[in-house]
Novice: 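This is the structure, below, for whatever I ask next.
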Amino acid sequence: MTFLHVDMLTKSFGSTTPVKGISFELERGSCTALLGPNGAGKTTTMRMIAGLIAPSAGRISFQGQHHSNGEYRSLIGYLPQHPAFYGWMTGQEFVMYAACLSGMSRKDARRRTTFVLEQVGLAEAAKRRIAGYSGGMKQRLGLAQALVHRPPLLLLDEPVSALDPIGRREVINLLQSLLTETTILFSTHVLPDAEEVCDRIMMMRDGEIVENGELQVLADKYRRPQLIIQVERNNAANEWLQSLRSRPFIQDAQFQGSTAQLTVNNMEEARRIILDEVSSRDIPLLSFQSGTTSLEEMFMKVVTA
Ligand SMILES: Nc1ncnc2c1ncn2[C@@H]1O[C@H](COP(=O)(O)OP(=O)(O)O)[C@@H](O)[C@H]1O
Ligand SMILES: [Mg+2]
């Protein structure tokens with residue numbers, strides 16, 4: 001069932017248009033990574049869905065109903081890219097404050113605050129001032145404030161980008177534990193974060209969605225056989241290596257020093273012809289590896305194309 005429907009959503013600031021008429025749907029209970037390089041329009045998109053800025057054009061509807069700005073706040077938990085905290089507050093005070101802002105009664109707010117602080121692993125630190133929290137703890141506190149009113153949709157804007165590996169691991173594990181309850185839209189500029197948590201990927205570039213689909217389907221679509229060949233550093237060998245670029249069985253070639261990374265159309269043919277030539281021309285081969293291009297390479301291609 002479709003939970004969120006975004007139709008021709010556009011945002012302009014003066015003469016720049018960071019979001020250019022994008023459309024997509026999120027299924028209830030799905031986890032989608034909004035993936036794209038810096039400046040692609042991810043934050044602007046999330047802020048519109050969160051109701052923090054008004055779209056210049058287009059529609060956002062929840063469960064088939066179009067709401068005007070702000071009416072659907074109770075449906076959304078939002079973790080901004082750069083959350084601001086009052087350092088003098090304790091974690092508990094901060095989550096309590098967010099809960100009350102969302103319209104919960106004090107009694108409910110108190111109960112839910114205790115619950116989410118436990119859920120994000122901050123029960124012990126709950127009565128300490130936020131100023132003394134680590135980056136990972138602050139990000140988990142940000143998640144606690146986004147979760148406290150039990151929103152069916154979580155909007156997480158680069159939730160792990162600013163964290164060190166330990167903090168990142170803490171937050172990724174926490175997100176994995178939330179997957180069954182909540183619909184999640186998770187923005188990031190790095191693919192490995194997305195791969196670990198989400199089952200769908202939406203790639204943005206220059207304000208447009210350039211790919212949208214299941215992670216596995218996209219990975220298969222872009223996966224290509226690949227050869228990595230390294231020769232000794234000498235002119236003849238290098239000339240031969242460079243000549244591979246224009247062969248019919250080569251789709252794409254990248255060179256670095258005396259190493260070539262070749263995306264091939266026909267692995268059988270490529271392997272046979274290249275190895276024949278290596279032997280007949282006496283090419284000083286150092287290594288010859290076959291494999292497939294990674295999802296990371298696909299992402300780089302899509303976003304820089
Ligand atoms: N309030 C604003 N006024 C003018 N330009 C903005 C504003 N907010 C964002 N932009 C521009 O919109 C583009 C997309 O920004 P953003 O949505 O933050 O991208 P991302 O989150 O993918 O890095 C950027 O070029 C940014 O400078
Ligand atoms: Mg951003």
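Numbers here simply count residues along the sequence, with the first being 1. These numbers were taken from a predicted model, which means no experiment stands behind them. Whatever order the structure lists them in is the order used to number ligands and atoms, beginning at 1.
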Novice: Can you check side chain to side chain contact (heavy atoms under 4.5 Å, CB included) on Phe288 and Val278, steps first, answer last?
Specialist: CA-CA 11 Å; Phe288 184 89; Val278 164; over 6 Å; no

Novice: Around ligand 1, what residues show up once you keep those with a heavy atom under 4.0 Å from it?
Specialist: Phe13, Pro18, Pro37, Asn38, Gly39, Ala40, Gly41, Lys42, Thr43, Thr44

Novice: Listing residue and atom name, which protein N/O/S atoms are closer to the Mg ion (ligand 2) than 2.8 Å?
Specialist: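 Sorted hits: Thr43 OG1, Gln81 OE1.
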
Novice: Run the numbers on Leu79 and Leu143 for side chain to side chain contact (heavy atoms under 4.5 Å, CB included), then give the verdict.
Specialist: CA-CA 6 Å; Leu79 175 64; Leu143 272 166; 4.3 Å; yes

Novice: Taking atom types as modelled and ignoring hydrogens, do the side chains of Ser187 and Asp157 form a donor-acceptor contact shorter than 3.5 angstrom?
Specialist: yes

Novice: Can you find a side-chain donor-acceptor pair between Glu27 and Ser30 that sits under 3.5 Å?
Specialist: no

Novice: Taking atom CZ of Arg233 as the centre, report whether more than 12 heavy atoms of other residues, nucleotides or ligands fall under 6.0 Å from it.
Specialist: no

Novice: Whether the side chain of Asn212 engages the backbone of Met202 through a donor-acceptor N/O pair (distance < 3.5 Å, no angle test) should be reported.
Specialist: no

Novice: Taking all non-hydrogen atoms of both residues, which atom of Ala126 and which atom of Leu117 are closest, and how far apart?
Specialist: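 Looking at all heavy atoms of both residues, the closest pair is CB-CD1, 3.9 Å.
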
Novice: Would the distance check show the side chain of Arg140 and the main-chain N or O of Gly167 forming a donor-acceptor pair, the cut-off being under 3.5 Å?
Specialist: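 No, Arg140 side chain to Gly167 backbone: no donor-acceptor pair under 3.5 Å.
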
Novice: Taking CZ in Phe249 as the centre, count heavy atoms belonging to other residues, nucleotides or ligands within less than 6.0 Å. Is the count above 12?
Specialist: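 Above 12, so yes.
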
